Number of protein chains: 2
Amino acid sequence: MERLENQIVQLLQNKDIRPTQQRIEIMKYLMEHRVHPTADMIYTALKKNMPTFSKTTVYNTLKLLQEKGALAALATVEDQVRYDSNLVPHGHFKCTQCGTLYDLEIPEGFPKQTTIDGHRVFEYQILAKGLCRHCHMQELS
Amino acid sequence: MERLENQIVQLLQNKDIRPTQQRIEIMKYLMEHRVHPTADMIYTALKKNMPTFSKTTVYNTLKLLQEKGALAALATVEDQVRYDSNLVPHGHFKCTQCGTLYDLEIPEGFPKQTTIDGHRVFEYQILAKGLCRHCHMQELS
DNA sequence: ATCATTGCAAACACTTTGCATACGC
DNA sequence: GCGTATGCAAAGTGTTTGCAATGAT
């Protein structure tokens, strides 16, 4: 899609990021694969079509995109950092069985306050853990 | 405190964990240092009084204590896994400046529901990020 | 020509594994 | 005595760093 690539170029430029080929590809991958990939997933996928593509570039780029506010990094306990191009506030649900990381609506009634105990809060991350729909159904059968 | 050690022995036995010297010390350290230490912090601190104490034991023990439900592991993006002996549900606040990890009351109105989007939720982790009270005050002066 | 970006190789930091020794019931 | 726990050394992962080659303006 020409469309998406143009959007990405815009987005990067708006955030003062020079839109190089590699950066566009990484951003595009994240926007098209909303399963919160790890750096390694991105590398492995893109390497196929870009033979000289390097892991260093993935790490460099992810770091830059985070700093400039184009991406969010997600904390999960068990494994590596995961990345999310969806900047609309939302939570995550991690299935402890299959490892899938789902998006979650921010639960109704969640406070929007920006100060708690005197601390200034800029960002919330909500991580729920449990058994996902699919694994749960399998367990019953 | 004899008192605390006895409590720990009880706690471990209740969870089917053989209360060895090392396990008791690790648990004790976590209960007495509620700053969510990393495995390395625990190792470094306890090594002083236990010359043969090994990191492997720390990792083994933390893993066991988690599995048996005596400890919780916390996800934070920037650094290693941190551990918490406080099993009462609560959130955390991480200061992006000084790195301190504070406890947070679970905000009023946070949903207690155990099913979302068909997923069975067993556990919530809430991680707020921002500028803590102390760093904020420093910035003003 | 200059400065930023890329990518290889090597270093690093955290965690896990294999296995021999020591401990507890 | 037997099974578990411990601890050393080595291997494994994920990430970062140093630096030379390349690319863009």
Side-chain angles (χ1 to χ4, degrees), chain A residues 8-9 12-13 15-30 36-68 70-84 99 101, chain B residues 5 8-9 12-13 15-30 36-68 70-83 99 101:
Chain A
I8 292 172
V9 170
L12 295 182
Q13 282 175 339
K15 307 228 180 219
D16 260 325
I17 303 165
R18 224 195 263 174
T20 67
Q21 243 260 281
Q22 288 89 333
R23 288 169 182 176
I24 294 168
E25 288 300 328
I26 290 172
M27 199 67 204
K28 191 170 144 205
Y29 185 84
L30 276 160
H36 319 290
T38 62
D40 194 66
M41 290 175 191
I42 298 168
Y43 169 74
T44 305
L46 297 184
K47 178 79 177 176
K48 282 176 192 150
N49 300 320
M50 306 167 80
T52 74
F53 190 59
S54 91
K55 233 173 197 173
T56 309
T57 301
V58 177
Y59 283 110
N60 284 343
T61 302
L62 290 173
K63 195 179 166 200
L64 182 75
L65 292 174
Q66 262 182 89
E67 284 168 1
K68 300 281 189 179
L71 280 186
L74 264 46
T76 67
V77 164
E78 299 79 9
D79 44 32
Q80 313 105 281
V81 177
R82 287 161 173 272
Y83 295 89
D84 195 343
L101 200 56
Chain B
E5 287 192 24
I8 293 172
V9 170
L12 296 182
Q13 282 174 340
K15 307 229 180 220
D16 261 323
I17 303 164
R18 223 196 261 176
T20 68
Q21 242 259 279
Q22 288 88 335
R23 288 170 183 178
I24 294 168
E25 289 299 327
I26 290 172
M27 200 66 205
K28 192 171 144 204
Y29 185 83
L30 276 161
H36 319 291
T38 62
D40 195 66
M41 290 175 190
I42 299 168
Y43 169 73
T44 305
L46 296 184
K47 178 80 176 175
K48 282 176 191 150
N49 301 319
M50 303 167 80
T52 75
F53 190 58
S54 92
K55 233 171 196 177
T56 308
T57 301
V58 176
Y59 283 111
N60 284 343
T61 302
L62 290 174
K63 193 178 166 201
L64 182 74
L65 292 175
Q66 265 183 86
E67 284 170 0
K68 299 283 187 175
L71 281 186
L74 264 46
T76 68
V77 164
E78 299 80 9
D79 43 29
Q80 312 107 280
V81 177
R82 288 163 173 269
Y83 294 89
L101 199 57

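Just so you know, these numbers come straight off a predicted model, no measurement behind them. Here is how names work: the chains are called A, B, and so on, in the same order as the sequence lines, proteins then strands, and each is numbered from 1.
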Exercise. Separation of B/Arg18 atom CZ from D/dG3 atom P, in whole Å?
Worked result: 12 Å
Problem set entry | Spacing of B/Ile17 atom CD1 relative to C/dG24 atom P, expressed in whole Å | 18 Å
Seminar exercise, completed: The side-chain contact (heavy atoms from CB on, under 4.5 Å) partners of B/Asn60 (sequence neighbours excluded) come to B/Thr56
Problem set entry | Distance below 4.0 Å between B/Tyr59 side-chain N/O and C/dT16 OP1 or OP2 | no
Exercise. Counting heavy atoms not belonging to B/Lys47, are there more than 12 under 6.0 Å from its NZ?
Worked result: yes
Problem set entry | Separation of C/dC14 C1' from B/Asp40 CG (nearest whole Å) | 9 Å
For this session: Let me know the distance between CG of B/Leu62 and P of C/dT16, rounded to the nearest Å.
Result: 10 Å
For this session: Send over the distance from A/Glu67 CD to D/dT16 C1', rounded to a whole Å.
Result: 13 Å
Exercise. Of B/Leu62, B/Ile8, B/Ile17, B/Leu65, which meets side chain to side chain contact (heavy atoms under 4.5 Å, CB included) against B/Arg23?
Worked result: B/Ile17
Seminar exercise, completed: Across all chains, not counting sequence neighbours, the side chain to side chain donor-acceptor pair (under 3.5 Å) partners of A/Ser54 are A/Thr57
Problem set entry | Interatomic distance, A/Gln66 CD vs D/dT16 C1' [rounded to whole Å] | 14 Å
Problem set entry | Residues in ring pair (Phe, Tyr, Trp, His ring centres under 6.0 Å) contact with A/Phe53, at least two apart in sequence or another chain | none
For this session: List in chain and number order the residues that pass side-chain contact (heavy atoms from CB on, under 4.5 Å) with B/Thr44, two or more places apart in sequence or in another chain; answer none if no residue qualifies.
Result: B/Asp40
Exercise. When the distance from NZ of B/Lys68 to P of D/dT4 is rounded to whole Å, what number comes out?
Worked result: 12 Å
Close N/O contacts between protein and nucleotides 6-10 of chain D (under 3.5 Å):
residue : atom : partner : partner atom : Å
D/dT6   : OP1  : B/Thr20 : OG1          : 2.7
D/dT6   : OP1  : B/Gln22 : OE1          : 3.2
D/dT6   : O3'  : B/Gln22 : NE2          : 3.0
D/dG7   : OP1  : B/Gln22 : NE2          : 3.4
D/dG7   : OP1  : B/Thr52 : O            : 3.2
D/dG7   : OP1  : B/Thr52 : OG1          : 2.9
D/dG7   : OP2  : B/Thr57 : OG1          : 2.9
D/dG7   : O5'  : B/Thr52 : O            : 3.1
D/dC8   : OP2  : B/Thr52 : O            : 3.4
D/dC8   : N4   : B/Thr56 : OG1          : 3.0

Problem set entry | Nearest-angstrom distance from the residue atom CD of A/Glu25 to C1' of C/dT6 | 15 Å
